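Every heavy atom of this structure was used, including side-chain atoms; hydrogens, water molecules and symmetry mates were not. Below, chain A is the first sequence line, B the second, and so on; all start at residue 1. Note that the structure is a prediction, hence the values are computed from the model and not measured.
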Number of protein chains: 2
Amino acid sequence: MTADIISIGDELLIGQVINTNASWIAGQFNLAGIGISRITAISDQKEHIINTLNEASRRSEIILITGGLGPTKDDITKETLCEYFNTKLVFNETVFENIKELFGKRGFDISELNRKQAEVPENCIPVKNINGTAPGMWFEKEGKVYISMPGVPFEMKSMVSDHIIPKLLQKFDIGAIVHKTILTQGLPESVLAKKIEDWEDNLPDSIKLAYLPQPGIVRLRLSTSGKDKAKLEENIKIEIQKLKKIIPDSIFGFDNEKLYEIIGSLLQEKNQTLSTAESCTGGYIAHLITSVAGSSEYFKGSVVAYANETKENILGVRDKSLVEYGAVSEQVAVEMAEGVKSKLKTDYAIAVTGIAGPGGGTPEKPVGTTWIAIATPQKTIVKHFQMGEHRERNIRRTALTALGMLRRELV
Amino acid sequence: MTADIISIGDELLIGQVINTNASWIAGQFNLAGIGISRITAISDQKEHIINTLNEASRRSEIILITGGLGPTKDDITKETLCEYFNTKLVFNETVFENIKELFGKRGFDISELNRKQAEVPENCIPVKNINGTAPGMWFEKEGKVYISMPGVPFEMKSMVSDHIIPKLLQKFDIGAIVHKTILTQGLPESVLAKKIEDWEDNLPDSIKLAYLPQPGIVRLRLSTSGKDKAKLEENIKIEIQKLKKIIPDSIFGFDNEKLYEIIGSLLQEKNQTLSTAESCTGGYIAHLITSVAGSSEYFKGSVVAYANETKENILGVRDKSLVEYGAVSEQVAVEMAEGVKSKLKTDYAIAVTGIAGPGGGTPEKPVGTTWIAIATPQKTIVKHFQMGEHRERNIRRTALTALGMLRRELV
């Protein structure tokens with residue numbers, strides 16, 4: 001069984017909007033065990049919509065349509081669906097109630113256009129839109145399912161997750177699918193793969209493993225399917241317990257957790273504070289930490305010490321260390337961490353110094369050479385890394401690696 | 001005349017990769033005056049490719065194919081194109097020379113697989129890939145053009161810009177198209193539109209204007225088409241000159257220039273230096289500035305002063321100012337700017353203090369309240385803003401607004 005995705009909208013065909021809706025739906029459907037046969041983006045024209053529906057229904061059992069449901073001129077999809085299913089628009093009281101409720105919350109008056117939005121093809125089952133006024137529409141014809149949804153991502157997404165996928169799984173008796181993503185850090189993909197080889201080889205046939213690497217992080221996704229959801233979840237849990245014993249230091253979280261959010265929670269639990277001293281990352285670590293609402297509870301600040309004199313004057317790095325070992329050195333990383341911890345009076349501190357590139361490398365210290373130091377209430381640890389040549393990736397990997405080192409000190 | 005885009009790759013249909021290639025091509029083609037009729041993403045299977053080619057060629061004069069040209073198992077596209085065009089693969093010396101040259105640069109040995117990459121369908125004109133080993137392929141059949149390109153974005157992009165669009169414009173005698181994007185800052189879209197209304201109304205009919213707003217920036221794109229490219233460029237230039245007189249302070253650059261790159265160039269020209277003191281932006285301004293290679297030439301560092309005591313201890317903000325006016329105030333912004341400028345011994349300094357949200361707002365100082373100060377060698381200027389409620393947008397808008405204020409002091 002496969003699905004076709006049809007994305008309607010001129011904005012897609014002039015390159016104004018990237019079709020992230022289709023990718024997101026494809027990802028969700030694949031995770032639910034339904035493959036996507038084709039993704040088609042077409043313009044807001046009746047004959048294009050009809051042709052594409054005809055083609056898609058020859059290929060797939062499920063046809064998903066997004067876009068073209070605006071209240072005004074764009075409302076061509078609904079009329080076109082009436083023509084395709086040989087039916088007519090009828091006023092739907094339940095849909096109208098939803099629109100009135102949404103407008104009530106926002107304090108707007110209902111217009112004639114809104115009343116028109118409550119009209120749906122007579123043969124469809126409306127799908128409630130909790131985030132907007134355009135309802136979803138579920139059609140069935142000759143054993144196939146057609147679903148039309150708005151193109152606004154957050155309206156479409158909640159429909160798909162909360163309503164459409166569960167209903168499809170039920171209708172087509174696909175069964176339950178369980179996924180769990182394990183977030184790891186500190187081991188390159190190849191080293192990690194070697195380390196967990198035996199565990200992987202001994203996974204039950206019903207559980208599949210996927211490696212999903214990102215700069216500085218490797219995600220491991222376990223997937224399994226069957227009839228009994230609770231049993232599937234239990235099976236996955238058992239394997240994760242085994243994995244935790246093999247790489248206890250590398251697992252930092254699950255699913256969509258962010259490393260800087262986890263660090264924030266750990267600091268808040270301990271009621272302790274953090275500061276950072278950044279050279280090559282140029283403020284990116286502070287930016288990640290402060291992207292979390294409420295981070296002012298535990299983050300006191302950062303000194304971005306790009307110039308040597310800033311390292312000396314603000315952080316108290318010794319001139320001797322800079323001259324003797326250079327700005328990118330173990331000694332300077334340690335002094336930066338201890339300096340910022342003392343100056344900003346925090347319990348923990350991160351310091352990074354490195355050559356982000358593309359310039360500035362030497363034979364002894366090539367581009368990508370990086371030192372990271374973590375100061376804790378008890379001690380300071382420091383490590384050397386070779387981060388690579390690409391400036392942006394280098395900055396990201398350094399930031400995530402530093403946050404990972406801090407996390408290990410916090411747990 | 002229209003084009004169809006066919007994107008080949010299973011990774012698109014499982015939602016692992018977003019189809020940014022198709023959006024980018026659509027944008028470039030529209031700018032060149034060629035509309036896109038349909039975008040289709042399909043899997044790496046021969047019958048899917050053949051069917052889609054048949055459908056597309058009934059619709060469009062130009063058929064663009066990306067993906068499926070890898071050296072190994074993915075190489076199904078090339079074989080399929082041979083079948084579609086009823087031809088066979090032949091070894092192409094020019095393509096092989098390009099592969100050898102690329103491998104020579106990287107110091108790799110040539111393998112049998114690489115030799116195979118130099119085989120192309122006999123009836124195609126190979127398109128040189130300056131960034132990779134898979135050549136593009138240009139076919140013509142019954143007045144229609146089919147172009148197959150690799151899926152790697154930066155390989156595909158240079159082919160499209162440098163070779164394919166110019167060749168299509170020539171072949172189909174579409175004429176020249178000239179676009180120029182004017183980057184503005186400091187005026188909200190509605191205010192800007194009012195201010196330049198007369199200018200817009202008096203634009204020649206041949207020149208079209210598009211508003212392209214982004215958080216903190218409004219881009220104005222002028223487009224015109226005709227036969228004589230030099231004349232078109234001259235016409236656009238004349239209108240930009242007129243616009244410069246109406247909003248001299250708001251235009252900061254053109255096309256793809258970045259505000260923080262422009263600031264870097266201005267500081268380097270003057271041989272002067274910059275530091276920043278960031279509260280609500282949490283290091284994001286420093287991150288933008290240091291994302292530019294070579295920024296260590298003019299950027300000495302930043303103090304991310306999230307806690308009040310950091311503002312006092314490191315930046316020298318007076319306790320009296322914090323108590324009397326609060327951390328988010330004109331006085332504190334000024335003292336932060338002057339403090340960091342003096343501590344880091346720079347010519348210029350940016351300081352921002354605000355309530356990024358979602359918490360921390362009060363009736364007097366709601367979320368989004370922001371003060372930005374710019375210290376120059378002569379003076380310190382300070383301004384109040386209301387940035388909005390969304391934390392991430394708030395941080396971005398504040399950073400771009402602060403950089404914009406600095407730019408005005410530098411020119």
Side-chain angles (χ1 to χ4, degrees), chain A residues 12-20 22-30 35-43 48 55 275-276 278 281-287 289-291 293-296 299-307 309-310 313-314 343-345 356-360 391-392 395, chain B residues 12-20 22-30 35-43 48 55 275-276 278 281-287 289-291 293-296 299-307 309-310 313-314 343-345 356-360 391-392 395:
Chain A
L12 299 166
L13 299 175
I14 60 168
Q16 198 178 54
V17 169
I18 295 173
N19 199 353
T20 54
S23 294
W24 185 87
I25 296 172
Q28 297 299 307
F29 268 61
N30 271 279
I36 301 296
S37 174
R38 188 181 284 208
I39 297 169
T40 313
I42 55 172
S43 76
H48 285 220
E55 292 165 21
S275 59
T276 62
E278 307 185 46
T281 46
Y284 187 61
I285 299 177
H287 167 58
I289 293 168
T290 59
S291 70
S295 49
S296 57
F299 186 63
K300 287 210 187 177
S302 176
V303 175
V304 179
Y306 232 53
E309 51 198 288
T310 307
N313 297 344
I314 309 288
K343 290 288 167 87
L344 268 61
K345 300 190 180 62
R391 185 177 182 87
E392 197 190 315
I395 292 172
Chain B
L12 298 165
L13 299 175
I14 61 168
Q16 197 180 53
V17 168
I18 296 173
N19 198 354
T20 54
S23 294
W24 185 86
I25 296 172
Q28 296 299 307
F29 268 62
N30 271 279
I36 301 296
S37 176
R38 189 181 283 207
I39 297 169
T40 312
I42 56 172
S43 75
H48 285 219
E55 291 166 21
S275 59
T276 63
E278 308 185 45
T281 45
Y284 187 59
I285 300 177
H287 167 59
I289 293 168
T290 59
S291 70
S295 48
S296 56
F299 185 64
K300 286 209 188 177
S302 176
V303 175
V304 180
Y306 232 53
E309 51 199 288
T310 308
N313 297 345
I314 309 287
K343 290 287 166 84
L344 269 62
K345 299 192 180 63
R391 186 176 181 87
E392 196 190 315
I395 291 172

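- For chain A, the nearby part of B:L12 is the backbone; its heavy atoms alone come within less than 4.5 Å.
- For a residue to count as touching a neighbouring chain, one of its non-hydrogen atoms must lie under 4.5 Å from one of that chain's; by this rule B:A305 touches chain A with the backbone only.
- A 4.5 Å side-chain heavy-atom check between A:S37 and B:H48 finds at least one atom pair inside the cut-off.
- Among B:G282, B:A307, B:G283, B:A356, the residue making the largest number of heavy-atom pairs under 4.5 Å with chain A is B:G282.
- Annotation: maximal heavy-atom pairing with chain A below 4.5 Å, among B:I285, B:T20, B:I25, B:I36, occurs at B:I36.
- Of all heavy-atom pairs spanning A:A286 and A:F299, the tightest one is CB-CZ, 3.9 Å.
- Between chain B and the options A:A22, A:G294, A:G359, A:S295, heavy-atom pairs under 4.5 Å are most frequent for A:S295.
- Using a 4.5 Å cut-off between heavy atoms, A:T276 does not touch chain B at all.
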(request) Given side-chain contact (heavy atoms from CB on, under 4.5 Å), test B:K345 with A:N313 step by step and report yes or no. (result) CA-CA 10 Å; B:K345 299 192 180 63; A:N313 297 344; 3.3 Å; yes
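- The closest side-chain heavy-atom distance from B:I289 to A:Y306 is not below 4.5 Å.
- Chosen from B:I314, B:T40, B:I395, the residue pairing most often with chain A at heavy-atom distances under 4.5 Å is B:T40.
- Only the side chain of B:E55 comes within contact range of chain A, judged by heavy atoms closer than 4.5 Å.
- Using cut-offs of 30° and 60° on the angle between ring planes, the pair B:H287 and A:Y284 is tilted.
- Applying the side chain to side chain donor-acceptor pair (under 3.5 Å) test to A:S43 and every residue at least two apart in sequence or in another chain returns A:Q45.
- If you measure heavy-atom distances from A:S291 to chain B, the contacts under 4.5 Å come from the backbone alone.
- Across A:A26, A:G27, A:G15, A:S302, the residue that shares the most heavy-atom pairs under 4.5 angstrom with chain B is A:S302.
- Counting only heavy atoms from C-beta outward, the side chains of B:L13 and A:I39 approach each other to under 4.5 Å.
- Every residue meeting the side chain to side chain donor-acceptor pair (under 3.5 Å) condition with B:E309, not counting sequence neighbours, appears here in chain and number order: A:K300.
- Between chain A and the residues B:G35, B:A41, B:G301, the largest count of heavy-atom pairs under 4.5 Å involves B:A41.
- If you measure heavy-atom distances from A:I14 to chain B, the contacts under 4.5 Å come from both the backbone and the side chain.
- Side chain of A:R38 to main chain of B:I42: no donor-acceptor pair is present (N/O by atom type, distance under 3.5 Å, no hydrogens or angles).
- Only the backbone of B:N19 comes within contact range of chain A, judged by heavy atoms closer than 4.5 Å.
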